[in-house]
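Each remark here refers to the structure printed beneath this line.
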Amino acid sequence: MSDRKSEEVREARRTDAERMRRRARFLRELAEARELRDRVQPCRAKVARLRHAVRMRTFRW
């Protein structure tokens with residue numbers, strides 16, 4: 001029984017590690033895509049930054 005339990009724990013750790021690797025890769029690619037979009041459309045990026053700044057100024061904690 002203990003061998004089976006330890007095998008399940010190892011498998012769970014492996015799947016968690018793989019999920020974290022996939023998530024990290026996705027977030028890196030997302031950041032890269034955003035940077036590319038900002039370089040390709042600088043005017044739209046500036047407007048988005050300004051809107052975000054206004055939202056953050058008016059946001060109440």
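Since the model is a prediction, treat every value here as computed from it, not as a measurement.
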Go through it in stages, so that I can follow the logic: the residues are Arg14 and Glu18, the test is side-chain contact (heavy atoms from CB on, under 4.5 Å), and I'd like the CA-CA distance, side-chain angles, deciding distance and then a yes or no. CA-CA 6 Å; Arg14 257 185 265 149; Glu18 180 61 30; over 6 Å; no

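Tested against Leu27, the residues Arg23, Arg25, Glu29 include a single side chain to side chain contact (heavy atoms under 4.5 Å, CB included) partner, Arg23.
For Arg13, the side-chain contact (heavy atoms from CB on, under 4.5 Å) criterion is met by Val9, not counting sequence neighbours.
Counting heavy atoms from C-beta on, the side chains of Arg28 and Glu32 never come closer than 4.5 Å.
Residue Lys46 holds its NZ atom at 13.5 Å from CG of Asp38, rounded to the nearest 0.5 Å. Here CG of Leu50 is found 11.0 Å from CZ of Arg55. Values are rounded to the nearest 0.5 Å. Between Thr15 atom OG1 and Met20 atom CE the span is 12.0 Å, to the nearest 0.5 Å.
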